[in-house]
Amino acid sequence: MGLVLFPGDGNTDSPDISWSYTGFGLFRKWLAQIEGFALDQMRGFGGDRPWSEVATTLAPLLDHPDDGGPDLTPAQCAAISPRLSEIAGIQGDPLDPVWQRRIQDVRQLVGVLQFCIERDTGLLFG
């Protein structure tokens, strides 16, 4: 069983991205690390640091239930997408398969977010 992030347009042909729950957790930890904080120190992830202390446009993605919860709005998708695009351009070790997988995931997620923005629909977690 896994997690799929997909546009809320009701079309099964829309782009999506999927992970195992463990994989999504590792992806979010990696993003938080790039943003300069440890996800496991945050409220909801085992720590007590409030999200109000973190300055990142990725907060709606990082501080979201694994599945269910509120959709990310088109405005939130538009706010998240530029930072993810920047991250997708970071040059890491080309021989590191984990780094390459994370960058591939970021690029795919940006594509899904752009679709949501263009169609003015939310991003669902399911």
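Since we're looking at a predicted model, the values are computed, not measured.
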Do other residues, nucleotides or ligands put more than 12 heavy atoms under 6.0 Å from the [atom1] atom of [X]?
| X | atom1 | answer |
| --- | --- | --- |
| Gln91 | CD | no |
| Asp48 | CG | no |
| Gln33 | CD | no |

Could you give me the CA-CA distance, side-chain angles and deciding distance for Asp9 and Ser14, then say whether side-chain hydrogen bond (donor to acceptor under 3.5 Å, both in side chains) is met? CA-CA 8 Å; Asp9 64 352; Ser14 296; 2.6 Å; yes

Step by step, would you call Asp40 with Arg49 a salt bridge (charged side-chain N to carboxylate O under 4.0 Å, His left out)? CA-CA 9 Å; Asp40 61 358; Arg49 185 176 181 191; over 6 Å; no

Going from [atom1] on [X] to [atom2] on [Y], what distance comes out if it is rounded to the nearest 0.5 angstrom?
| X | Y | atom1 | atom2 | result |
| --- | --- | --- | --- | --- |
| Asp105 | Trp30 | CG | CH2 | 8.5 Å |
| Phe45 | Arg28 | CZ | CZ | 4.0 Å |
| Arg102 | Leu31 | CZ | CG | 9.0 Å |
| Leu58 | Ile87 | CG | CD1 | 5.0 Å |

Least distance between heavy atoms, [X] atom then [Y] atom:
| X | Y | value |
| --- | --- | --- |
| Asp13 | Asn11 | N-OD1, 2.8 Å |
| Ile103 | Ala88 | CG2-O, 3.7 Å |
| Val54 | Met42 | CG2-CE, 3.2 Å |
| Gln108 | Asp16 | NE2-O, 2.9 Å |

Is the side chain of [X] donor-acceptor paired with the backbone N or O of [Y] at a distance under 3.5 Å, no angle test?
| X | Y | result |
| --- | --- | --- |
| Asp93 | Leu95 | yes |
| His64 | Pro70 | yes |
| Ser81 | Ala78 | no |
| Trp51 | Asp63 | no |
| Gln114 | Leu109 | no |
| Glu118 | Phe115 | no |

Counting C-beta onward and ignoring hydrogens, is there a side-chain heavy-atom pair between [X] and [Y] closer than 4.5 Å?
| X | Y | value |
| --- | --- | --- |
| Cys116 | Leu123 | yes |
| Phe125 | Leu61 | yes |
| Phe37 | Leu62 | yes |
| Phe6 | Thr12 | no |
| Leu3 | Ser20 | no |
| Arg101 | Phe27 | no |
| Asp66 | Phe24 | yes |
| Glu86 | Ile90 | no |

Taking a hydrophobic cluster as the set of Ile, Leu, Val, Met, Phe, Trp and Tyr residues connected by side-chain heavy atoms closer than 4.5 Å, whether directly or through intermediates, do Ile34 and Ile17 fall within one such cluster?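 Both belong to a single hydrophobic cluster.
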
Check for me, please, whether Ile117 and Leu124 land in the same ILVMFWY cluster - side-chain distances under 4.5 Å, paths through other members count.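 Each belongs to a different hydrophobic cluster.
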
Which residue in the set Thr56, Thr57, Leu72 passes side-chain contact (heavy atoms from CB on, under 4.5 Å) when paired with Ile80?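 Single pass found, and it is Leu72.
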
Show the numbers, then the answer: is there a side-chain contact (heavy atoms from CB on, under 4.5 Å) between Trp19 and Leu5? CA-CA 9 Å; Trp19 290 272; Leu5 277 59; 3.9 Å; yes

